[in-house]
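First up is the structure itself, then whatever we jot down about it.
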Amino acid sequence: MNGKKSTRWQRRPGTTGGKLPWNDWRNASTWRKATQFLLLASNIYIGVTFYYWVRYFETAGTSVYIPRPGGIEGWLPIAGLMNIRYTLETGFLPPIHAASMLLLVAFILISLLLKKAFCSWLCPVGTLSELLGTLGKKVLGRNFTLPRWLDLPLLSLKYLLLGFFLYIALSMPAQGIQYFLMSAYGMIIDVKMLDFFRHIGSATLIFLIIISVLSVFIRNAWCRYLCPYGALLGLFSLLSPFKIRRNADSCIDCGKCAKNCPSTIPVDRLIQVRTVECTGCMTCVESCPVASTLSFSLHTPAGEQGNGKSLWRQTALSGVVMTILVLGILFATIGYAVYANVWDTPVPEHMYFQLIPKAKMIGH
């Protein structure tokens, strides 16, 4: 072979020249996109119904009434962090916004098991960011990557933001957390979040426009550089037993995995992808034209050879299994919240009639 790696390889089933048929139901990308749009549609529904729920109390009950969607708690990560601290300190579920904590725990559990799969399979912001990047690639013919000297410092921004929010959420003792969340502000913190977007300031609007435009040029600009939620989940994902693994013996060094990776990870130069930037999207696996060269898998002991060397069994996940696991953890958490009677926040309606019309003044 003259020292050169053999170029004989088995083409991945269902591919043509290494190109992936995205509409093939067996592909991980097909299942991931279906899951993404399911969660995006669910969050749009949650946002619309929550708006009409708020309007009902703002109009003193004269507009249409739609029950408060419990899923809105997923948009309260600071309350979720505070309630994790409360539960760890007291051993009890928090009296209010317990669902925000349970949803956050579910997303952390997903990260502990399946890397940052929340970001690439469930997060509606991540889905929109990905769509903007796809638009940019179609219009411009490519996405851009920042030089390393600029990319690395910018990567630290999300961890600085995470540190700030962790300090806010975890610095208070359990009694202080309960007092805050049971205050007028805490009871309608979800309404305050909605008002942030309904009555958006000029500076915030300009920032959203800038980050949206940047996302057209740079894939997942918000997720990569500024999202503290993703930073938190990334730290937990370091413990994930499932990782992208590359078989160097069958790899043909085509570089397609690294080229197509949304997180610009040099997959083609690694045996295992351990970085916090990996979202478990499996794009690199789908891009590889050689069967069984890349996998999102778990290595488990499978006994020993006669010479005393350990054997390892590789358990790879398919798109179907990833979908079942990610959605299974999410819906199991929601089911537990309903069973424990904490999916709906226990604030009585007469309190909402008093507080929601005054929401703008509360906290100022």
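Computed over heavy atoms, backbone and side chain alike; hydrogens, waters and symmetry mates excluded.
For Trp53 and Phe50, the gap between ring centers is short of 6.0 Å.
Across all non-hydrogen atoms, the minimal contact from Leu104 to Pro77 is CD2-O, 4.1 Å. Shortest non-hydrogen contact noted between Asn260 and Thr283 is O-CG2, 3.4 Å. Across all non-hydrogen atoms, the minimal contact from Gly255 to Asp268 is CA-OD2, 4.0 Å. In this structure, His97 and Thr345 approach most closely via the heavy-atom pair N-OG1, 3.9 Å. The two atoms that bring Pro153 and Arg148 nearest to each other are CD-O, 4.2 Å, heavy atoms only. When every heavy atom of Pro266 is checked against every heavy atom of Leu270, the shortest pair comes out as O-CG, 3.4 Å.
Using a cut-off of 4.0 Å between Lys/Arg side-chain N and Asp/Glu carboxylate O, Arg224 and Asp151 are scored as salt-bridged. One finds a salt bridge joining Glu73 and Arg68 here, because a Lys/Arg side-chain nitrogen approaches an Asp/Glu carboxylate oxygen to under 4.0 Å. Salt bridge status for Arg198 with Asp195: present, with a side-chain N to carboxylate O gap under 4.0 Å.
If you take CD1 on Ile72 and CG on Asn43, they are separated by 8.0 Å, rounding to the nearest 0.5 Å. Separating the SG atom in Cys251 from the CG atom in Asp249 is a distance of 10.0 Å, to the nearest 0.5 Å. With values rounded to the nearest 0.5 angstrom, Met282 atom CE is found 10.0 Å from Leu114 atom CG. One finds the CD atom of Gln272 at 6.0 Å from the NZ atom of Lys243 (value rounded to the nearest 0.5 Å). How far SG of Cys257 is from CZ of Arg246: 7.0 Å, rounded to the nearest 0.5 Å. A distance of 11.5 Å separates CD1 in Ile108 from CG in Leu239, rounded to the nearest 0.5 Å.
At least one side-chain heavy atom of Leu327 sits under 4.5 Å from a side-chain heavy atom of Leu39. When side chains are defined from C-beta on, Leu40 counts as touching Phe37, because their heavy atoms get closer than 4.5 Å. The shortest side-chain heavy-atom distance between Val347 and Tyr352 falls under the 4.5 Å cut-off. Proximity of Leu181 to Tyr86: side-chain heavy atoms (C-beta onward) are nowhere separated by under 4.5 Å. In this structure, Pro94 and Met101 have side chains that are in contact, with non-hydrogen atoms separated by less than 4.5 Å. You'll find the side chain of Cys278 reaches within 4.5 Å of the side chain of Ile244, heavy atoms only. The shortest side-chain heavy-atom distance between Glu58 and Pro357 does not fall under the 4.5 Å cut-off. The shortest distance between side-chain heavy atoms of Trp343 and Ile334 falls below 4.5 Å.
In this structure, Lys192 contributes its side chain and Ala359 its backbone to a donor-acceptor pair below 3.5 Å. Of the possible polar contacts, one joining the Thr62 side chain to the Thr59 backbone as a donor-acceptor pair under 3.5 Å is found. Using modelled atom types, no side-chain atom of Ser240 and backbone atom of Ser237 make a donor-acceptor pair closer than 3.5 Å. Panel note: side chain Asn83, backbone Ile96; a donor-acceptor pair is recorded below 3.5 Å. Between the side chain of Ser183 and the main chain of Gly186, a donor-acceptor pair closer than 3.5 Å is present. A donor-acceptor pair is defined here as one N or O able to donate and one able to accept, closer than 3.5 Å; no such pair exists between the side chain of Asn27 and the backbone of Ser29. No side-chain donor-acceptor contact under 3.5 Å links Thr204 to the backbone of Ile200. Remark: the backbone N or O of Thr279 is paired with a side-chain donor or acceptor of Ser120 at under 3.5 angstrom. Under a 3.5 Å cut-off, the side chain of Lys138 and the backbone N or O of Gly133 do not form any donor-acceptor pair. Between the side chain of Ser129 and the main chain of Val125, no donor-acceptor pair closer than 3.5 Å is present.
More than 12 heavy atoms of other residues, nucleotides or ligands lie within 6.0 Å of OH in Tyr229, so this atom counts as buried by the packing criterion. For CZ of Phe353, the number of neighbouring non-hydrogen atoms (other residues, nucleotides, ligands) closer than 6.0 Å is greater than 12. Counting non-hydrogen atoms of other residues, nucleotides and ligands closer than 6.0 Å to OH of Tyr52 gives a total of 12 or fewer. Counting non-hydrogen atoms of neighbouring residues, nucleotides and ligands closer than 6.0 angstrom, the CD atom of Glu89 exceeds 12 such neighbours. The number of heavy atoms from other shown groups lying within 6.0 Å of OH (Tyr336) does not exceed 12. Within a 6.0 Å radius of CZ in Phe164, other residues, nucleotides and ligands contribute 12 heavy atoms or fewer.
Linking Ile, Leu, Val, Met, Phe, Trp and Tyr residues whenever their side-chain heavy atoms come within less than 4.5 Å leaves Leu76 and Tyr167 in two separate clusters. In the hydrophobic cluster analysis, where Ile, Leu, Val, Met, Phe, Trp and Tyr join through side-chain heavy atoms closer than 4.5 angstrom, Leu155 is grouped together with Trp149. Note on Ile271: it does not cluster hydrophobically with Leu294, by side-chain heavy-atom contacts below 4.5 Å among ILVMFWY residues. Clustering ILVMFWY residues whenever any of their side-chain heavy atoms sit less than 4.5 angstrom apart, transitively, puts Phe217 in the very cluster that holds Ile209. Ile177 and Tyr179 sit in two unconnected hydrophobic clusters of ILVMFWY residues. Membership requires side-chain heavy atoms under 4.5 Å apart, directly or through other members.
A side chain to side chain contact (heavy atoms under 4.5 Å, CB included) with Ile362 is found for one member of Ile189, Leu355, Ile356 and no other, namely Leu355.
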(request) For the pair Arg219 and Glu277, evaluate salt bridge (Lys or Arg N to Asp or Glu O under 4.0 Å) and give the outcome as yes or no after the intermediate values. (result) CA-CA 13 Å; Arg219 283 191 294 190; Glu277 298 303 322; over 6 Å; no
(message) Does Tyr159 form a side chain to side chain contact (heavy atoms under 4.5 Å, CB included) with Val276? I'd like the steps, not just the answer.
(response) CA-CA 12 Å; Tyr159 295 101; Val276 295; 3.2 Å; yes
(request) Check step by step if side chain to side chain contact (heavy atoms under 4.5 Å, CB included) holds for Leu317 and Leu325. (result) CA-CA 10 Å; Leu317 296 183; Leu325 288 174; 4.2 Å; yes
(message) Applying side chain to side chain contact (heavy atoms under 4.5 Å, CB included) to Leu128 and Leu132, what does each step give before you reach the verdict?
(response) CA-CA 6 Å; Leu128 293 175; Leu132 288 171; 5.6 Å; no
(request) Kindly indicate, with the supporting measurements, whether the criterion side chain to side chain contact (heavy atoms under 4.5 Å, CB included) is fulfilled by Arg32 and Met322. (result) CA-CA 8 Å; Arg32 186 172 73 87; Met322 275 289 288; over 6 Å; no
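Between Trp222 and Phe207, the ring planes lie perpendicular to each other; the angle is over 60°, past the 30° to 60° tilted range. Ring orientation note: the planes of Phe296 and Phe242 are tilted relative to one another, at an angle of 30° to 60°. In this pair, Phe107 and Phe118 present their aromatic rings tilted. The plane angle is within the 30 to 60° band.
When only modelled atom types and interatomic distance are considered, Arg85 and Ser171 share no side-chain donor-acceptor pair under 3.5 Å. No donor-acceptor contact under 3.5 angstrom links the side chains of Tyr225 and Asn220, judged on distance only. Using modelled atom types and a 3.5 Å distance limit, the side chains of Glu130 and Gln36 yield a donor-acceptor pair. Residues Thr293 and Ser250 bring a donor and an acceptor atom of their side chains to less than 3.5 Å of each other.
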